[in-house]
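Please read all numbers here as calculations on a predicted model, not as lab measurements. What you see below is based on every heavy atom in this structure, not just the backbone, and it leaves out hydrogens, waters and symmetry mates.
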Amino acid sequence: MSRVQDIGSKSELLALTDDLPYVRWDTDPRVEAKGVRAPAGWAAAFVRPTHAHGTAMNLVASCDELAVEVMTDPATSGWLDRTGCTGVTIQTERAAAVVAALGGDLGDFVQWEWMVTTEVPPAPRARVVDLPEEDAAEITDFIMRENPRTDGRPFAWPGQRWLGVRDAAGALLAAGCRAHTGAGHPLLTGIVVRGDARGQGLGRELTGALTRLGLSEAPVCTLELYSDNAVARHLYTDLGYGQTAAWTSGARP
């Protein structure tokens with residue numbers, strides 16, 4: 001008999017996951033989830049729709065054994081089919097065991113991190129300006145040229161606020177967005193600095209301005225980055241971001 005049970009509310013999910021910051025600040029209040037609690041610990045899977053990567057399932061667990069149990073339970077597979085999940089996002093420390101149990105190849109997955117802060121950074125010294133929706137095509141061309149991996153999609157959905165830095169001729173030197181998590185809290189995305197303008201502190205100034213904006217609206221501000229971006233991680237940590245959640249994502253095996 002399966003030990004995996006439906007989780008009826010976000011409050012139940014928070015209780016099961018020992019109030020993980022990622023679950024609290026990123027997850028939609030209407031989240032669909034399944035989980036198990038056992039003497040060995042706990043595990044939970046929950047649906048997370050995204051704008052850039054479709055609908056994914058996130059998996060968190062206190063041990064490999066229960067993570068694998070939840071993911072290989074037949075009811076989980078049927079549930080993921082029903083909710084339209086095409087991807088899986090697994091806590092990086094559990095990813096090797098889970099992907100192996102599913103018959104996948106860890107080399108097909110990417111690693112990324114989520115961070116959160118409550119610290120308001122200093123006011124920017126650079127001239128950070130609002131970028132209106134009329135600039136969407138220009139911003140899109142800029143961020144995709146300078147960082148094709150970006151998840152930024154300028155004004156592709158409501159609630160985005162884009163900031164940037166321009167040179168004396170008006171050309172973009174940096175751009176970034178304050179969007180929102182599924183829980184409605186600020187999420188920074190699409191932060192890009194032009195290649196020939198890097199090393200001048202513009203990324204720090206822009207991220208600081210976006211963080212100040214986010215914290216003027218909510219008690220926390222969050223962001224995401226690819227795990228191989230050590231420069232960005234150092235910058236964000238220096239600005240007060242922490243409580244990192246490390247993730248491994250890919251298509252459902």
Rounded to the nearest 0.5 Å, what separates atom [atom1] in [X] from atom [atom2] in [Y]?
| X | Y | atom1 | atom2 | value |
| --- | --- | --- | --- | --- |
| T140 | F155 | OG1 | CZ | 9.0 Å |
| R233 | L235 | CZ | CG | 12.0 Å |
| S62 | R94 | OG | CZ | 6.5 Å |
| L20 | Q91 | CG | CD | 6.5 Å |
| L202 | R125 | CG | CZ | 10.5 Å |
| C177 | L206 | SG | CG | 10.5 Å |

Are [X] and [Y] connected in the hydrophobic side-chain network, where two residues link if heavy atoms are under 4.5 Å apart?
| X | Y | value |
| --- | --- | --- |
| L188 | Y226 | no |
| Y236 | L187 | no |
| V36 | L59 | yes |
| M57 | V98 | yes |
| F142 | W162 | yes |

Is the closest side-chain heavy-atom distance between [X] and [Y] below 4.5 Å?
| X | Y | result |
| --- | --- | --- |
| R166 | L131 | yes |
| L66 | R3 | yes |
| E119 | L239 | no |
| P121 | R204 | no |
| T55 | V47 | yes |
| D130 | L163 | yes |
| E205 | V165 | no |
| R194 | D167 | yes |

Report the residues that fulfil salt bridge (charged side-chain N to carboxylate O under 4.0 Å, His left out) with [X], sequence neighbours left out, ordered by chain and then residue number.
| X | result |
| --- | --- |
| D151 | none |
| R212 | none |
| R153 | none |
| R82 | E32 |

What closest approach, in Å, do [X] and [Y] show between heavy atoms, and which atom pair accounts for it?
| X | Y | value |
| --- | --- | --- |
| T89 | A56 | OG1-CB, 4.2 Å |
| P186 | A218 | CD-CB, 3.4 Å |
| A67 | A43 | N-CB, 3.9 Å |
| A209 | V128 | CB-CG1, 3.9 Å |
| A40 | C63 | O-SG, 4.0 Å |
| A33 | L13 | CB-CD1, 4.2 Å |

Take M71 and V88 through the side chain to side chain contact (heavy atoms under 4.5 Å, CB included) test and state the conclusion after the steps.
CA-CA 10 Å; M71 274 306 299; V88 293; 4.2 Å; yes
Show the numbers, then the answer: is there a side chain to side chain contact (heavy atoms under 4.5 Å, CB included) between T237 and M115?
CA-CA 9 Å; T237 301; M115 306 177 82; 3.6 Å; yes
Kindly indicate, with the supporting measurements, whether the criterion side chain to side chain contact (heavy atoms under 4.5 Å, CB included) is fulfilled by F46 and V60.
CA-CA 9 Å; F46 52 94; V60 293; 4.1 Å; yes
Between Y241 and the options T117, T207, T211, T222, the side chain to side chain donor-acceptor pair (under 3.5 Å) test singles out T211
For W247 and N58, run side chain to side chain donor-acceptor pair (under 3.5 Å): C-alpha distance rounded to whole Å, both residues' side-chain angles, the deciding distance at 0.1 Å, then the answer.
CA-CA 9 Å; W247 298 105; N58 283 49; over 6 Å; no
Can you label the angle between the W114 ring and the Y22 ring as parallel, tilted or perpendicular, going by 30° and 60°?
perpendicular
Verify, without hydrogens or angle tests, whether R198 (side chain) and V193 (backbone) share a donor-acceptor contact under 3.5 angstrom.
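A pair under 3.5 Å: yes.
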Enumerate donor-acceptor pairs with a distance under 3.5 Å from any side-chain N or O in residues 99-112 to protein atoms, sequence neighbours excluded.
from, atom 1, to, atom 2, distance (Å)
D105, OD1, G107, N, 2.8
W112, NE1, S249, OG, 2.7

Sorted by first residue and then second, give each side chain to side chain donor-acceptor pair (under 3.5 Å) pair with at least one member in residues 176-190; sequence neighbours left out.
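Matches after skipping sequence neighbours: R178-E217.
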Less than 4.0 angstrom from a charged side-chain N to a carboxylate O is my criterion; do D28 and K10 meet it?
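Not counted as a salt bridge, because no side-chain N and carboxylate O are separated by less than 4.0 Å.
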Salt bridge or not for D73 and K34, using N-O below 4.0 Å?
no
Would you check, one step at a time, whether the test side chain to side chain contact (heavy atoms under 4.5 Å, CB included) holds for R24 with L14?
CA-CA 7 Å; R24 175 167 294 281; L14 282 166; 3.7 Å; yes
Could you tell me whether the side chains of D6 and W79 share a donor-acceptor contact shorter than 3.5 Å?
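No, no side-chain donor-acceptor pair sits under 3.5 Å.
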